[in-house]
Amino acid sequence: MKIREGAKNRWRAITNARLEPQPFWGYEDIGAFFLLVVSLSLILRLFVCLHFLAQSTLINPSIGLQSAVVVFLGAGLYFVLRFRYRQPVLKPLGWVVPQMAYVVMALIVGPSFAAGIALYLRLRNQITPPIPIGELLMLGLVLGPLLEESLFRGCLLPVIAQTTGTIPAVIITAVVFALFHGPANRAHWVSFTATGIAYGWMRVASGSTTAAAITHAAYNLSLLIFVAT
């Protein structure tokens, strides 16, 4: 009975949680960032039309190009907030050291979701192509989680939570996260949305985007291992 009551209290605390500190940015800043994403996409396509880049470069971008894009967008998000409001950005985005219990939880939740998603994809006959080790280390474990968690769980989630409440915000952010990855079928939709909910829950429960990023990185590494076996 005490265990069940404790679980209810924890769920109630997450449901009623407020992400602190409250964001000083809003939807228009998020819109400005996505406008930057669209602009960068158009510039890259223009480079292809002008033969500065090969068409195949956009279809199968090199790790160098992918890393450059991620760094550019990460810097863009930072400067959109920094120069408009003249306030510190990293801590309000949730980049704080989480409690050790949440670090341990992140290292459990990430691989657990990876095992479940790998099994789900296998049952759906979905094949995940192998990822070069360099791309995994640079994008899957470092740059990808840093940018995506900054944007979705650090920036977008607190703003939506002010409008809808915490739990709907976690779900909405997860759907946008899935859409951002351009899922090709229902299996990919389920995979990205489910993991997005896990990262959002970790962000809310721990109060730290860092914990969500650790979960994200642990998931990426574990998924590669499970798919390869």
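For the numbers below, each heavy atom of this structure counts, side chains included, while hydrogens, waters and symmetry mates do not. Bear in mind that the values here come from a model prediction, so they are computed numbers and not experimental data.
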Any chance CZ of Arg45 has more than 12 other-residue heavy atoms, nucleotides or ligands included, within less than 6.0 Å?
no

Sidechain-backbone polar pair: Arg82 side chain, Gln87 backbone, donor-acceptor under 3.5 Å:
yes

Start with the C-alpha gap between Phe33 and Val37, add the side-chain angles, then the distance that decides, and say whether side-chain contact (heavy atoms from CB on, under 4.5 Å) holds.
CA-CA 6 Å; Phe33 173 79; Val37 173; 3.7 Å; yes

Under 4.5 Å between side-chain heavy atoms, counting indirect links through other Ile/Leu/Val/Met/Phe/Trp/Tyr residues: same cluster for Phe83 and Leu36 or not?
yes

Test item: side-chain donor near acceptor, Tyr27 and Thr163, under 3.5 Å:
yes

Here the pair of heavy atoms bringing Thr166 nearest to Ala161 is CA-CB, 4.3 Å

side-chain contact (heavy atoms from CB on, under 4.5 Å) between Ser208 and Tyr102: does it pass, once the steps are laid out?
CA-CA 9 Å; Ser208 169; Tyr102 288 108; over 6 Å; no

Does Val71 share a hydrophobic cluster with Leu90, counting links as ILVMFWY side-chain heavy atoms below 4.5 Å and allowing steps through other members?
yes

Is Thr195 reaching over with its side chain to a backbone N or O of Phe192, donor-acceptor style, under 3.5 angstrom?
yes

Examine Phe180 and Ile160 and state if one hydrophobic cluster contains both, with Ile, Leu, Val, Met, Phe, Trp and Tyr joined whenever side-chain heavy atoms are less than 4.5 Å apart.
yes

Thr209 side chain to Ser150 backbone, donor-acceptor under 3.5 Å
no

Under 3.5 Å, side chain of Ser222 to main-chain N/O of Tyr219, donor-acceptor pair present?
no

Kindly confirm or rule out a cation-pi arrangement of Arg153 over Phe177, judged by NZ or CZ under 6.0 Å from the six-membered ring centre and within 45° of its axis?
yes

Looking only at atom types and distance, does a side-chain atom of Ser206 sit under 3.5 Å from a main-chain N or O of Pro98, one as donor and one as acceptor?
no

Under 4.5 Å between side-chain heavy atoms, counting indirect links through other Ile/Leu/Val/Met/Phe/Trp/Tyr residues: same cluster for Leu179 and Val70 or not?
no

Within the side chain of Asp29, is there an N or O that forms a donor-acceptor pair under 3.5 Å with the backbone of Gly26?
yes

Let me check something: do Leu151 and Leu35 share a hydrophobic cluster, defined by ILVMFWY side-chain heavy atoms less than 4.5 Å apart, either directly or through other members?
no

Within a radius of less than 6.0 Å around CD of Gln99, do more than 12 heavy atoms belonging to other residues, nucleotides or ligands occur?
no

